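Predicted, not measured: the structure shown is a model, and the values here were computed from it. The chain is numbered in sequence order, starting from 1.
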Amino acid sequence: MKVAIAGGGNIGTQFAVHFAEKGHNVYIHTSKPESFSSMLSIVDHNKPKFQE
């Protein structure tokens with residue numbers, strides 16, 4: 001599912017992380033994208049890997 005979030009503040013970021021961890025494609029619309037790009041890299045690189 002594609003999820004669009006308006007706002008990259010505390011709540012928008014939490015929603016984005018939640019949906020991304022569930023495997024959804026998340027798009028965040030924020031007024032400060034330059035401060036958001038490094039945060040996205042951190043979340044993406046530290047995604048937990050589950051073992052079956």
**Q.** Least distance between heavy atoms, Ile28 atom then Ala16 atom
**A.** CD1-CB, 3.4 Å
**Q.** Step-by-step side-chain contact (heavy atoms from CB on, under 4.5 Å) determination, Thr13 to Ile11
**A.** CA-CA 5 Å; Thr13 302; Ile11 294 173; over 6 Å; no
Q | Pairing residues for Asn25 by the side-chain contact (heavy atoms from CB on, under 4.5 Å) criterion, not counting sequence neighbours | A |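 By the side-chain contact (heavy atoms from CB on, under 4.5 Å) rule, Asn25 matches Lys2, Tyr27.
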Q. Does anything in residues 1-21 pair up under ring pair (Phe, Tyr, Trp, His ring centres under 6.0 Å), and if so which pairs, sequence neighbours excluded?
A. Phe19-His24
